[in-house]
Each structure stands twice: as structure tokens, then as C-alpha cells.
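Structure first, commentary second.
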Amino acid sequence: MDTSQKLCSSISIATEERRRRKKVKMRGKDKHESETPHVLIFPLPAQGHVNSMLLLAELLAISDVHVTFLNTHHIHHRLLQFAGNIEARHPTLGFKTFADGVAQDHPRFGGDMNEFFNHVKFQGSLKLRELCSDHSGKPRITCIIADGMFGDISSDIGDELGIPIIHFRTASACSFWSFFSVPVLLQSNELPIRGEEDMDRVITKIPGMENLIRCRDLPSLCRGTHDGKFSLDTVVFQTHQSLRAQALISNTFEDLEGSVLSQIRNRFPKLYALGPLHAHLSYRKASKTPSEEEPPPSFTNSLYDVDRTCIRWLDAQPPKSVIYVSFGSVAIITRDQLMEIWYGLVNSKKRFLWVFRPNLVAEQEAKDLPLELVEGTKQRGCTVGWAPQQEVLGHAAVGGFMTHSGWNSTLEGVVAGVPMLCWPNFGDQQINSRYVSEVWKMGLDMKDLCDRKVVEKMVNDLMEERREEFEKSTQAMATLAKKSVREGGSSCSDLDSLIEYLRSIC
Ligand code: UDP
């Protein structure tokens, strides 16, 4: 062989070797990619749902699971506007969006919920099917985690395309179980509720909740009035659709809702209780950061413009002197209710920080406010359009939380160890507030009452008369909540099992 032949031969050997190595590498890559779970997460487009499902998305992404988060354009735009650049939070967390099919200025869930829900279901199912059938991008979707409110469409698409489905019900386990039990209540004549005089009748047929719940504590949809909210049939139907899912996720923890979780497991054996998700994410992020580095940034998942001026106001108040008042992102109150609560707060003589969302009150006509309210608020109050809620609840000046008992707010109150004065508005809030007051003994339930004298008395009971009693149980539960998300805690091991399951099915 002459030199040039030798050279050609060694080049071709080298090329061959490179090809072989590349092939091995590609095989390795394919193998790796085919073993990487890719989860598509599809939330109901409302603040509470998006918040908890985005927390889950981040928890999975930091555990090396590929996540695609499916948002409506509207929600995505608001997140980009108010929660910062969510697209840069983690390299394995991506976003896809679709048009929800209503006009830009439509009130969405602030209007007729059923009508909007049907629009989102239709448009969302088209996008979901498109993304799940698209095999061009790698890695392909190996599992759908859908909001349990999309139980039917997500299960249909999963069945059709052979993709495993997990349902995530973002509300409390006690509300999920009460919705699931509605058919039993109808068969045993415990439902329907027969008017106002029937409201204190005790419900006996929900397994695990015997004699704890009165008619008034059932999810508000059981009252038969839905004022543009979801119908009971819709929610019960979607709840039962979860029997078609391979697994169920709940944002709760064993020490909080263990007795209900064990009932649910009788029907849903693969149940992952991962909550409180906000505490879980903070803990996992911090534990992944080497101690010499800066702690990871804590993000908000806010769809509204956060007004941080209230933190400066709180800094100037004595410890545990302020009651924080917030009714979440959807609840709407009447002008009469507003005045009763406002008078109650001012007359209690306690300091208060009140989230006064622009669309909080149904009737917006501006009447002159009584001078005593204006003066009382100037002296002891602060109002904002939207607060950094978790930071507020963790502030040393906050000693109580007047809440509508939305599930995210309840969990945030639990983790912060702040006693609650509950004034539930709709949906799961009626049963959550019953558990806060009667099971967990973490506060008072003002359900179905709205009178300035009652508000004044309950604020004083919470902040003064019965403060020690409530603080004791709330702080004990806060400790258990934090324990549940640490190494060896129930939510921590459920998350590990979920990730293992996600790997096993791809
Ligand atoms: N929230 C907030 N600032 C506010 C009021 C609420 O950040 O001024 C957040 C709160 O921390 C919670 C969510 O909005 O995470 C409300 O969810 P929740 O389930 O309590 O009630 P919903 O809005 O769904 O009725």
C-alpha cells in the first residue's frame, strides 16, 4: 500500500469509527430520550387551578421530567405580564397555548362559568389531541396530567391515543370526596336540600365524614342555586370521570386529610397526595441548591398585578396585630356584604389589610362612604388591589386571615400557621371552612352570616379572645405540613413514587 492508499484507508477507518461512535451515541440518546418522561399538563384556566398545576409542573421539571404546560393565550399572557418570564424558569418546562374561543374582554370565569368552560373544553381538546399526536418533536408525550375538571375529554383523548392519563383535582380531598358521594346522597334521600330550614340537617352517608357535615357544609352547588357557576351535575360527572384515569393527584397531605384520603383510596388506589405544593416546591428547590449558593428565587404564579406597598405598611405594624382579608380571585360579593364586613372590621378596632380586587363587588355604583369607615380605615387599615399573599401570610405583623376558604389560600394559611376566619363563597369553600373550624380547629366559620356585629365579634375572638387556642393547633399543623414535604414525609415519598411511575410508563 502506498502512502496515499494508507492515508485513504486510515481516513476511511477513522470515518467508519466516527460513524460507529455517532451511531452508539445516537442509540444512547434515543434510549435516554425514550426513557425520559414527557408530561403534558392541562389546567383549568383560573388562578387557583393554574397556580397549583404550575407548582406541580415545576416540581416535575426540577426532577428531570420534561413538562409541557398547556395554557390559554389569555392566561399565558397574564402570567408573562405579572409572574415574570415563566418560560425561563426551567429548561425542561415548556409552554404551549391555544385561543379559548371568547372575546378579549369576556369576563371568563367571572361570568357564566358553564358557557366559558364549554368553550375552553372544546378548544383545549383540539390542541391536546394535536400535541399528543405530534411525534415529530422529541421526546414524545408519555403522560397527560389533566385538571380533573377536564376528566371526560382528557380520558377520551388518552384512550384514543393510548396515552396514560392522570387527573389532578386542585381542590381539597374532602370536597372531591363529597362530590364523588353525591349519587349516594341522592339515593339515600339526603339530597336534595329542602330549603333554608333544612340547612342544619346532618349528613350521615358520606363514608368517613359521618355526622360531621351539615347540608350547609356541602359544596355550595348542592344548594341547587348556581348563579352562573358550574352546575352540580357537571362537577359530579367530571369527578366520576376520574375513575377512568390511571392515577389521581391531590394537593393535600396525610396529616391534614388522611381520613378522607383513605376513603378515596378505596375507589382510587393510585392516589398521590403531594401537598402543600407551594411548600413542597420551595423545599425541593432549596435542597437542590448547594449551601454556599444563593437560595433559588421564589416565583409567584400571579395573574394579577401584585401591589407590594402593603409589605411596607405591614413592616410598621406590631407583631400579630393585623388581620389579612382576602376572598381570592373569583368570589364576588354584594355591596351590602361589603358594608357589613367593612363596618365589622372597623368596629373591631383591629388593624386590617384588605385585598380589594377591582371586580370584587357586584354593584360598582359609587356611593359616598360613611365618614367613620373612611376614618377607621385611615387609622388602622390598608387596602390593595392584589397582595403578595404568601409573603403577607408569613409576615410577623399578621395574626389572622379572613378568607373565602379557597383551597390554595387555606393551604397557604396552614403552612404560615395563621388562624383563619372563614367566610366561604362558593364551590368547595363551604366544606373547607367546616374542616378548618371543626376538624382542624384552626379558626372560625362565619358561613352564611354577614352581619357587622358577627364580623366584629369573630375578628376579636380570632385575634384576641381565642387566639392562643387557635395558634396552638395552627402552628402544630404548620409543622406537620413542612414535615410532609421533607425527606421521609408522606408528600415527599408520594412525589418520588409519582416520578417513578412516570418513568415506568414511558
Ligand atoms: N392570591 C394572591 N394575592 C391576593 C389574593 C390571592 O396572590 O391578593 C393568590 C393566593 O395566594 C392563592 C390564589 O390567589 O394562591 C387564590 O386561590 P384560591 O384557591 O385560594 O382561591 P380562588 O381564587 O381559586 O377562589
Side-chain angles (χ1 to χ4, degrees), residues 43-56 58 75 78-79 81-84 107-110 113 117 147-149 168-176 219-221 229-230 235 250-252 275-282 298-311 313-314 322-333 352-360 382-395 398 401-416 418 420 422-433 436:
L44 192 83
Q47 174 73 74
H49 296 246
V50 170
N51 178 42
S52 40
M53 295 193 77
L54 200 44
L55 290 169
L56 174 68
E58 272 197 75
I75 293 285
R78 292 192 76 93
L79 281 172
Q81 201 177 353
F82 302 120
R108 272 122 187 133
F109 280 118
M113 282 192 181
F117 178 59
D147 196 306
M149 286 301 293
F168 181 177
R169 278 303 282 262
T170 57
S172 55
C174 59
S175 76
F176 175 83
S220 65
L221 300 179
K229 308 280 194 298
F230 289 125
V235 184
S250 185
N251 184 9
T252 190
L277 282 168
H278 67 291
H280 206 157
L281 180 61
S282 308
S298 55
F299 300 111
T300 80
N301 292 334
S302 188
L303 302 178
Y304 299 88
D305 198 0
V306 175
D307 182 349
R308 293 187 50 80
T309 55
C310 57
I311 298 293
W313 181 82
L314 283 175
V322 175
I323 181 159
Y324 168 60
V325 184
S326 164
F327 303 127
S329 63
V330 186
I332 290 175
I333 66 176
F352 60 92
L353 164 60
W354 191 349
V355 177
F356 218 95
R357 247 180 37 232
N359 58 350
L360 175 67
C382 172
T383 58
V384 285
W386 192 253
Q389 182 160 303
Q390 284 181 41
E391 196 178 338
V392 166
L393 287 170
H395 196 286
V398 173
F401 182 16
M402 184 171 186
T403 171
H404 69 311
S405 299
W407 190 236
N408 289 282
S409 296
T410 304
L411 287 175
E412 289 159 12
V414 166
V415 171
V418 180
M420 288 176 253
C422 305
W423 187 53
N425 189 273
F426 78 101
D428 60 320
Q429 298 154 18
Q430 269 73 10
I431 192 161
N432 299 344
S433 65
V436 168

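Start at 1 and go down the list; that is how both ligands and their atoms are numbered.
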I'd like to know if the side chain of [X] reaches the main chain of [Y], judged simply by a donor and an acceptor atom lying under 3.5 Å from each other, with no hydrogens or angles considered.
X	Y	result
Trp407	Asn251	yes
Asn432	Ser405	yes
Asp147	Leu44	yes

Open item on the list: Checking the N or O distance criterion of under 3.5 Å, is ligand 1 in contact with Glu412?
Closed with: yes

What part of [X], side chain from CB on, backbone N/CA/C/O, both or neither, has a heavy atom under 4.0 Å from ligand 1?
X	value
Trp407	backbone
Tyr324	side chain
Ala387	both

With atoms numbered from 1 as shown, which atoms in ligand 1 lie under 4.0 angstrom from a non-hydrogen atom of [X]?
X	value
Val355	8 (O)
Ser329	22 (P), 23 (O)
Ser326	5 (C)
Gln47	13 (C), 14 (O)
Asn51	15 (O)
Gly328	23 (O)
Gly48	17 (O), 24 (O)
His404	20 (O), 21 (O), 22 (P), 25 (O)

Open item on the list: Are Gln47 and Phe109 packed together at the side-chain level, in the sense that at least one heavy-atom pair is separated by less than 4.5 angstrom?
Closed with: no

For residues 324-333, tabulate all N or O donor-acceptor pairs below 3.5 Å that involve a side-chain atom, not counting sequence neighbours.
unit_1 : atom_1 : unit_2 : atom_2 : d
Tyr324 : OH     : Gln389 : OE1    : 2.9
Ser326 : OG     : Gly328 : N      : 3.3

